A.B. asks: 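Sharing a structure here in structure tokens format.
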2 protein chains.
Amino acid sequence: MGAGKHEEFSVKHNRISKYAKALAHPARVAILQFLSKKKSCMCGDIVEELPLSQSTVSQHLKELKEAGLIKGETEGVKVCYCINEKEWKAAQLCFNTLFNNYKETLENCCL
Amino acid sequence: MGAGKHEEFSVKHNRISKYAKALAHPARVAILQFLSKKKSCMCGDIVEELPLSQSTVSQHLKELKEAGLIKGETEGVKVCYCINEKEWKAAQLCFNTLFNNYKETLENCCL
DNA sequence: ATTATAAATCGCAATATTACGATATAAAAA
DNA sequence: TTTTTATATCGTAATATTGCGATTTATAAT
């Protein structure tokens, strides 16, 4: 017993939770904001920016990549990470769809 | 060693990751959508809707409550759960602020 | 060829999450 | 008062996440 029952939920709900999971750690949010602001794409610069070891940052980058939110391109010894524009927009749409589903009604049962 | 270094990140990044964590499981997304659509506020109805045991659903509800996204009000034996409108909007704004931080530029280092 | 540099992966320990049955709690109905 | 009903909490097991040092991999520089 324990963790895992994702198959039992809709594709849509799994999709949102996948993106949310990627954002569910402040380090990953920090990475994404860093990349958004285009301070740099270089992996090394991200490592310097964060209070975490190189290996830990590398893992966070891997998770963001697996979630689709970023992509990495090798440039010689270094790696350049960037926001994956397409998925980025898709994720934003996902979240907004969820949030906009809620319409404030006065006949709310609990006030 | 292991998990936990949240203090080292900004309040802003922790805030986003807190909301994201709440959305990081399909069951919780499903609960939120159910409540958004106002099919019902009753806890029992949520339990019936999901492929999870009563105790598991109760835990998910607790997490959503702790994240601030919902609130529960006891009505006799039953409990009525609702979207917490104020935090709901705050969360949406949080996500959108993050997402809108990214401006697509042509001078993107990695294409 | 050797060395230096950047990043990924491995192995491990600490902690957190997920899930459930059993039990506790508390209000409503009998 | 006893019983029923609805929800929360506890205990526990399985699994996932977080984090780091050490190592590996791969390119660049010497």
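The model shown is predicted, which means the values in this text are computed figures rather than measured ones. Order of the sequence lines sets the chain letters (A, B, ...), proteins ahead of strands, with each chain counted from 1.
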A.B. asks: With a 3.5 Å cut-off and no angle check, do the side chains of B:Q33 and A:Y102 form a donor-acceptor pair?
C.D. replies: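 A:Y102 and B:Q33 do not have a side-chain donor-acceptor pair below 3.5 Å.
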A.B. asks: Determine: side-chain N/O of B:S58 to OP1/OP2 of D:dT7, distance under 4.0 Å, yes or no.
C.D. replies: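 So the side-chain polar atoms of B:S58 never come under 4.0 Å of the phosphate oxygens OP1 or OP2 of D:dT7.
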A.B. asks: Reckon B:H60 has a side-chain N or O less than 4.0 Å from the OP1 or OP2 of C:dT17?
C.D. replies: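 The answer is no; no side-chain N or O of B:H60 sits under 4.0 Å from OP1 or OP2.
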A.B. asks: At under 4.0 Å between heavy atoms, what does B:K65 touch on the DNA or RNA strands: base, sugar-phosphate, or nothing?
C.D. replies: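 Here B:K65 touches no strand at all.
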A.B. asks: Given D:dT7, C:dA8, C:dA28, identify the nucleotide with an atom nearest to the side chain of B:V77.
C.D. replies: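 Between D:dT7, C:dA8, C:dA28, the one nearest the side chain of B:V77 would be C:dA28.
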A.B. asks: Under a 3.5 Å distance rule, please check whether A:R28 uses its side chain to pair with a backbone N or O of B:S17 as donor and acceptor.
C.D. replies: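 Side chain of A:R28 to backbone of B:S17, a donor-acceptor pair under 3.5 Å: no, none is there.
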A.B. asks: Report yes if a donor N or O on one partner sits less than 3.5 Å from an acceptor N or O on the other, where the partners are the side chain of B:Q59 and the base of C:dC20; otherwise report no.
C.D. replies: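 Per atom types, the contact qualifies.
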A.B. asks: Report yes if at least one side-chain N or O of B:Y81 is closer than 4.0 Å to OP1 or OP2 of D:dA8; otherwise report no.
C.D. replies: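 Looking at the OP1 and OP2 atoms of D:dA8, one of them is under 4.0 Å from a side-chain N or O of B:Y81.
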A.B. asks: Which residue, A:G76 or A:S53, contacts DNA chain D at a nucleotide closer to its 5' end, judged by nearest heavy atom?
C.D. replies: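 Counting from the 5' end, the first nearest nucleotide belongs to A:S53.
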A.B. asks: Can you check whether B:H6 has a side-chain N or O nearer than 4.0 Å to OP1 or OP2 of D:dT18?
C.D. replies: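 For D:dT18, neither OP1 nor OP2 has a side-chain N or O of B:H6 closer than 4.0 Å.
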A.B. asks: Check every atom of C:dT18, C:dA27, D:dC20 against the side chain of A:S55 and return the nucleotide holding the closest atom.
C.D. replies: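 Minimum distance to the A:S55 side chain belongs to D:dC20.
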A.B. asks: Could you tell me whether the phosphate oxygens of D:dG19, OP1 or OP2, come under 4.0 Å of any side-chain nitrogen or oxygen in A:H25?
C.D. replies: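 For D:dG19, OP1/OP2 do have a side-chain N/O of A:H25 under 4.0 Å.
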A.B. asks: Got a donor-acceptor pair under 3.5 Å from the side chain of A:Q54 to the base of C:dA8?
C.D. replies: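 A donor-acceptor contact between them is present.
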A.B. asks: Is it true that the side chains of A:S36 and B:N101 contain a donor and an acceptor less than 3.5 Å apart?
C.D. replies: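 B:N101 and A:S36 do not have a side-chain donor-acceptor pair below 3.5 Å.
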A.B. asks: Please check if any side-chain donor atom of B:N100 sits under 3.5 Å from a side-chain acceptor atom of A:Q92, or the reverse.
C.D. replies: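 The criterion, which ignores hydrogens and geometry beyond distance, is satisfied for A:Q92 and B:N100.
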A.B. asks: Side-chain N or O of B:K21 versus OP1/OP2 of C:dA16: is the shortest distance under 4.0 Å?
C.D. replies: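 Answer no for this pair, as no side-chain N or O of B:K21 is under 4.0 Å from OP1 or OP2.
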